[in-house]
Every structure is written in C-alpha cells, then in structure tokens.
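What follows is a short report on a single structure.
Not measured: the values here are computed from a predicted model. Order of appearance sets the numbers: ligands from 1, and atoms from 1 within every ligand.
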Amino acid sequence: MVFKERILLGLISALVAGGGLLGCADQVENQVADQQGESVHPHWPVLTSGIAKDPEIESRIDALLAKMSLEEKIGQMIQVEIRFATPDEVRDYHIGSILNGGGAFPNNNKHASVADWVALADEYYRASVDTRDGGVAIPMIWGTDAVHGHNNVIGATLFPHNIALGAAQNPALMRKIGEATAAEVSATGIEWVFAPTLAVVRDDRWGRTYESYSEDPELVRAYAGELVQGMQGAPGDQEILNGKRVVSTAKHYIADGGTENGIDRGDAIMSEEDLIKYHAQGYFSAIEAGVQTVMASFSSWNGEKLHGHKYLMTDVLKERLGFDGFVVGDWAGHQFVNGCSNVSCPQAINAGLDMFMAPDPNWRELYKNTLAEAKSGEISPARLDDAVRRILRVKLRAGLFEAGLPSARPFAGDESLIGAAEHRAIARQAVRESLVLLKNNDQLLPLARNQRVLVAGDGADNIGKQSGGWSITWQGTGNENADFPGATSVYGGINEVVTAAGGQVELSADGSFEEKPDVAVVVFGEDPYAEMQGDIANVNYAGASDLALLKKLRDQGIPVVSLFITGRPLWVNPHINASDAFAVIWLPGTEAGGVADVLFRDEAGNVNFDFTGKLTFSWPGDATPALHNRGESEAVAQFAYGYGLSYEEGMELTLLSEESGLQPVSGSGTLAVFNGRALDPWRFEVIDATNTRSTIASSVSELNGIRVQSVDRNVQEDSRRLQWNGQGNAIAGFFANQRTDLSGFVSNQGALIFDVKVDAAPSDAVILGMNCGMDCGAEQPITDLLKGVAQGKWQTLAVDLKCLAEAGGKMDLVLSPFYVRTAGELDMTVHNVRIAQTDTAKVSCG
Ligand code: BGC
Ligand code: BGC
C-alpha cells in the first residue's frame, strides 16, 4: 500500500520537477530513485530515517547548489587520503572530504600528538573554505576508521573488537562505547567515523570475522542502532559537532560477511530473501537510528559488485529504506565494477554511489574524468545534484558550517579525552563481559590471588597481539607495548591483583620458571591481521608450540588455565584437552585488566565478576571449512551458539575429539586445471582492457583488448586461442570462488605445466601469475620464453611452483593457479593446464 503511494508521489513530483517549477530535495530524490522502484522485493521494509528532513536545511542546500560550479560539485564527491593530497589541492579541487586510512597519521608520524591531529584538521578545513577563486565555502569532512576506539591514535582507548562485544550481549554498553569513541575522535578535530561494521559473518575463514558482532543477524540488528546513536547522538540531537559527537557509517553495504568461502571482497551468492534475512538487518536499525553515511562493500552480490549496484544502492537503500544521507565508496572499490578503472567510474555514480573514496595518487585523474563525464551527460545533472545534495545535507545536519575551525570546537585538542579513565572503564567492563569460558574442570577457576602464578605464552604481555588488526597500524603489526601508553596487558592486570594480595607472579613467555607455580595462566593465539591478509583456508589453529607448552606445564603437575586470543572461532580441541580451564578472550584491546577481574576472587574470597560472555559464533568441532551457523547448518558445532560456562553453572568437559578432519595436502599426482574445459572449481575468465570481468562460455568472444576462441588440437575445442590486440591490458586465466591448497606440491617438485602454441610473438611484456585474493599473488614474466619458442609449434612449459611461492604467492590459498596478462599483442593457444610433479626442465624463476 504504502509502496504504491510512493510510486505515485514520485511520478507526480517528477512531473512537477519536469515542468521546471520546483527543484527541491524530495522531488529530485524520488525522480532519481523511482525509476526502478517497482521491482523492489516485498521483504524489504519501508523505513524512515531517525533524522527527519529539515525544510530549512533543504532550502540552504538549494541555495548552495544554485551557486556551485560543476567543478565544485565534483570536488564534493571525491574523498582523498591525507598521504596523497595536500591542503592546497583540497582547496584547488574543492575536495569535499578527506580520510586517513588504517595506519595513516599526520606527518606520517605514528606518534603524532593530539595537537598534530587538530592542526592537520585545521589546515584541511581552512583549505576547504578558502574561496579565493570566488567559489562557495563548503567545509570538508574528515573520516577515520575508529573501529574499536580511535585506533589510529597513540594513547587512545582500544575497545575489544566487535566479535568480543558480541559475546557481551549488551546493547546498552554499545551506546556507551559509541559515545566514548566519538569523544576521543572529537578531541582530534575529526568529525566522521567509518563504523560500525554490520557484517553478519557466515564463514569464519574471512579475515574480517572479528569485525562482526555475530553470525546471527538478530544481535547485529540490536547493536547497530545503539552504536549509531552513541556516536551521533539521539535523532533529536542533530547538532552533531556541538558536543562530543561524530557522524557514523554503516558498513560495508551489503553482505560483506556473506561471501562464498569467506573470501575478502568476494561474491555473496544467495537469494534476495536470504540477503534481507541475514545481511540487511543491521542496516534497518542503523537507518532508524539516523545513520548518516553508508559505505559500499568491495564485495559482490550474485556476481555484481556493490559499488555498481543500482538496485541495492538506489532502489532499495535510498528509496525503500528511506536512507537520505550519502553513500561513500570503499578504498578505490569503484575500480572493480565492470567497465570501470580506478580513475573513471560513472557507472558507480549512476548506480547511486555519492562519494568516491579515492585514496591513491590517481584521484586527480578520477576528478578530471568524472568532471568530463558530468559535462558529457554520462552522469546526469539530476544524479549529480542528488549526490551533492546528500553530502551537503549530512554536513549541514552535522553542524559543520557553524562549527568553524576544528581547533575552535569545544572538545578539539582536549588531550584528557584520549584514553580518559572513564572510557577505559567502559572498555574494561566490555572485556569482562566478553570473555567466554569453554572449560573449567575441577572448578579450577576462579583463582585465589594469594598464590604463586606463572603467566606464560607469547600473548601474555603483548598489547599489540591482544589488540589485533586496526590498532595503530592497519594490520596491527609492528607495534610494541610502548606504543600503547596507559594500556594494560593480560599479564599487567594479573600482576596487579596478585601482588597486591601478597601472591607472586612470574612472567615467562616460554613457560620456564624459577620456582614451581601453583597455577599457570597461558595466553596464546592468533597474531594480528586485517582484511584480506587474514583470510584462511580452514579453521585450524595450528599453534604447535603453544600446545607443547601446555603439555609441558601439565606434565609437571601444574594446573593450566588457557586464555585464547583470537579473532574468530578456530579448532583448538588439542589445546582445550591440554588445559584444565580454557577461556576465549578474543581481542580485548588496551584494557585487558578486565581479564584478571574475572579470573580471580577478591581478597576476601568473593567472586565479584563471573563469566557472562556467550558465543555469538558457533565454535567448530573440527578444522574443516564446513559452515557452522546458528539455526542453519548441518555441521555439528563443538560449542553451539550461546554456549559459555559461568562459575555458578559449571560442568566437567570430557576429552574432545582430536581428529581435525583435514586431509593432508597431497603433493603428488596431477591436478588438472583445464583439460578441454575448466575443471571444478575453476572457471575460464577474462578481465578485458576495460576491466570488465566475464566468464567465458561461448566458443568465440570478442572483448576489449582480447579475443578468445575455443579451437581444436587433438579433439574438438580442447584448447583456447588467446589473441591480444595491444589495446590495453587484458587478463585471461582460470579463477575460482574457493581456495585450493597447493602447498604439498611446492615441496614436492611441483610445477604449473601447460602446453602452448605461439602464433604471433609478444610485442610487450607478458606476465604469468597466480592469485590468492586481493593484494595476494605472485607473477613472473614469460615474455622471453614466448619469444624464444618456435612459432606454430606445440610446446610444454613448466613453471616451478617454488618460484611463485618465493615471489609471495600463498600456495595454500590459491584462487587462480594460472593467468596470463599483457597490454601488447600476442597470439597464443593454451592446452591442458595442470599442476604436477615434473623432472622436465622448468622455467627459471623470473
Ligand atoms: C591503508 C588502509 C586500507 C587498505 C586497503 C592500506 O594501505 O592504510 O587504510 O584499508 O590499504 O587496502
Ligand atoms: C576497508 C574499510 C575502511 C577503509 C578506509 C578499506 O580497505 O575495507 O573498512 O573503512 O579501508 O581505511
């Protein structure tokens, strides 16, 4: 009902606008959004943003738009990175927004002070409102990844990562975390945060699993609105910058956590019903709470990249769900849309992206091309104005035009907000509530303080490790404890309570000790990673040295408490068996004193804090990649969703199975990749010179930069002829949505072997490569080789897998075992691509 009325209204306003009578907000939006509105799936709810449209703001936007030049409008739609654009450029290009990526700081100084952050904000701000060329003054907006506290800033409070917060199951606490984060961000003069992440992660092999609250949409929905309101303030409180508030972002829209096999930036293959049921729920509460920005996901839905998805960005998000803020892209993510490059992508804007995140030095070219596309009409004036209107609306709502210089704002520069005691107290509470107790045999826990405690393991006194990715640096690596002033390690917290009570603590990573302890607390687990670098092939926690340490202590008759640092459920049955008590502490961040709060009784022997954390991700019973998700998958979980012991309700855990279920990777025999046809799991794909990706099914395909044809060698169509025409870089090869472990072959004289016939030698460099995900792979030139072979004759070539492994290819995570690319001319035919052991002469490493 409501929906039909909206179509009608849209039509009417389109008519009115067409008649040139009015140009105000709703009409332009409906006009743009209603073109495909009829086909929106009925399961999408009709929502209203928590922040109502303010007619005064809308008319201010009208006035601004009327004055702005096309150049100024394009500038608003481009977000640049502080490492790649100067304040002068922000002025000259009328840039609307800046960001600092993970691990980007003022002056490239990791130890930048609060004053440095604010000074840089001032510089960019001044540049953005500088109207020396007679333009319109529009303050820039600075976005940052404060994804678990203001994590790029030294001394900030780092909250536990989202997976831990999920286990706390405390929506009200999320609001407090949002508030505290916003306060610390305000102190640095920054006004926009790229959080919360609303991913509902279904396959825990994904490297961003820890950024997700739960595998279940219910909790993500319950949390999203709380975080948004914590950061932005309640919907009535619209003067965001008047206080310690910032604009927040719901990301990554949509189904970033639903990609096949948990591949970062991969493809979420599912029905629209499931997309709505699982992956959209968090957005509903975020929008109702008034979230002002949404970040498009790098990933695809059923093969179509979200950055170019008109139906999901415009028809669903903006029209049906009533989102009237703006959609920002993710880290040059527009380049992956078919037909786009990182310097040109009108497709994304036309599909509903409002602001490009253009973090590399190429942003200037993107600006020029977008301007040209707006001039030529490839991007319509209505779409352009709609995008700019949305950006201005958010800036006006945030009070940016009134707030003035960042340094002049009430809380900017206030160092006492960074790592403030009250924020740390919230984080410590979150740590206490997030710990999940899996085993507590013989009621070993809670521990008495007044005893001799050995604290062991490489995670015991390692704040970088306990904080995970997105901690000072992007990957969370390369930090020392000194980079986290004011923070407490797990050991630090234990040491404090035990020594105060007259007990003794010995810290030793390798578990050696001077005097036999009464109990050992061993802290171990995953090392930090972020994004694609954290993707894994199975959920095995290898940790052989940790297991040996647990066993060694146990063999000496010392009771062992294991504390597992991890960003996701991993199969650790052997470690659980080797421990008397086992708790998952996730990635607690800087306030790991919360661990000791729960582990120990107080001095009077009372339990002040029991374990209350529950799993919001099912815990696997073996290491195979089977999916374990509440209410959905067949695979039996070792610990089901909701599991978590308490002191009050303990139980004895019997020995768990130590069968990992993993097949040893065989490095023998022949693994066929292409034999007449691409073999499962691989598909024959081409990424042509316009960056359009296609799976090749037909026998002849004429593409940009390359022609591919099925031809006969021994039998009909058993080979592929690849003819590059020199008009741009084009890639042809075999790609999969799932990983193949080739590591067994690497150590076993394995090679990538293929038959090839060259009919026209290359005119430019030819590269052979393998791929293991975004920014993961290895390449090696084969130009000379192809030039050297006799033309028109079949040859067998072999490339040593060791070469690819040494060049950085992760051979246990292979997505594409073979592709070839060139920007020059080349005519070659490929037959029978396989991985096998070989003694034949191999191509030397390039
Ligand atoms: C940046 C990160 C960003 C990543 C994306 C890094 O170089 O520092 O902020 O998220 O690239 O690939
Ligand atoms: C990540 C985003 C992040 C952005 C900016 C991207 O690589 O996917 O989550 O907000 O970088 O650092």
Side-chain angles (χ1 to χ4, degrees), residues 78-85 97-105 108 141-153 161-163 181 185 188 190-201 206-213 224 227-228 231 246-259 262-266 268 282-283 286 291-300 305-307 326-336 342 348 353 355-360 363 468-476 528-535 567 773-776:
I78 293 188
Q79 180 183 58
V80 296
E81 217 264 2
I82 60 168
R83 287 170 287 191
F84 302 108
S97 178
I98 62 169
L99 87 148
N100 66 298
F105 327 97
N108 264 324
I141 183 167
W142 181 340
T144 194
D145 291 293
V147 298
H148 65 139
H150 199 4
N151 48 251
N152 289 288
V153 176
H161 268 296
N162 290 352
I163 193 166
T181 303
V185 171
T188 51
I190 295 175
E191 50 280 287
W192 178 19
V193 162
F194 302 136
T197 295
L198 302 181
V200 173
V201 177
W206 189 32
R208 306 189 80 160
T209 300
Y210 65 82
E211 296 187 56
S212 168
Y213 302 110
L227 276 142
V228 168
M231 286 194 236
V246 294
V247 173
S248 84
T249 309
K251 76 183 188 185
H252 309 82
Y253 184 79
I254 183 176
D256 50 347
T259 62
I263 291 170
D264 191 45
R265 308 183 178 189
Y283 293 90
V291 74
Q292 288 299 292
T293 69
V294 168
M295 188 184 289
S297 180
F298 279 122
S299 56
S300 308
K305 284 284 174 194
L306 265 305
H307 275 70
F326 68 86
V327 181
V328 62
D330 193 358
W331 204 266
H334 53 270
Q335 68 184 301
F336 304 116
N342 65 350
L353 190 85
M355 184 185 278
F356 286 116
M357 187 186 284
D360 46 44
W363 66 264
W470 299 105
S471 298
I472 311 297
T473 59
W474 174 42
Q475 292 292 319
Y529 53 79
E531 302 190 48
M532 59 292 232
Q533 307 218 17
D535 282 5
M774 196 61 65
D775 287 351
C776 179

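Distances shorter than 4.0 angstrom do not occur between any heavy atom of Asn100 and any atom of ligand 2. Residue contacts with ligand 2 include His252, since one of its heavy atoms falls under 4.0 Å from the ligand. Ligand 2 has at least one atom lying under 4.0 Å from a heavy atom of Phe298.
Counting heavy atoms closer than 4.0 Å to ligand 2, residue Val147 contributes nothing at all.
Residues Trp142 and Asn100 bring a donor and an acceptor atom of their side chains to less than 3.5 Å of each other. Side-chain contact check for His148 and Thr181: no donor-acceptor pair (N or O, by modelled atom type) lies under 3.5 Å. Looking at Thr249 and Thr293, their side chains do bring a donor and an acceptor atom within 3.5 Å of each other.
Every residue two or more places apart in sequence or in another chain was checked for a salt bridge (charged side-chain N to carboxylate O under 4.0 Å, His left out) with Lys305, and none qualifies. In this view, Trp206 satisfies the ring pair (Phe, Tyr, Trp, His ring centres under 6.0 Å) rule with no residue, not counting sequence neighbours.
Residue Asp145 holds the heavy atom nearest to atom 5 (C) of ligand 2 of all those in Asp264, Asn152, Thr197, Asp145.
Which parts of ligand 2 touch Lys251 is read off a 4.0 Å heavy-atom cut-off, strictly below it: atoms 2 (C), 3 (C), 9 (O), 10 (O). Residue-ligand proximity, Leu99 to ligand 2, at heavy-atom distances under 4.0 Å covers atoms 5 (C). Within ligand 2, the atoms closer than 4.0 Å to a non-hydrogen atom of Asp330 are 1 (C), 2 (C), 3 (C), 4 (C), 6 (C), 7 (O), 8 (O), 11 (O), numbered from 1 in the order shown. The Gly101 neighbourhood of ligand 2 comprises atoms 12 (O), with distances under 4.0 Å to a heavy atom of that residue. Those atoms of ligand 2 with a heavy atom of Arg208 less than 4.0 angstrom away are 1 (C), 2 (C), 8 (O), 9 (O).
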Original post:
Could you walk me through whether Trp192 and Phe326 pass the ring pair (Phe, Tyr, Trp, His ring centres under 6.0 Å) check?
Top reply: CA-CA 13 Å; Trp192 178 19; Phe326 68 86; 5.3 Å; yes

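Residues Met295 and Met357 meet the side-chain proximity criterion, which asks for heavy atoms closer than 4.5 Å.
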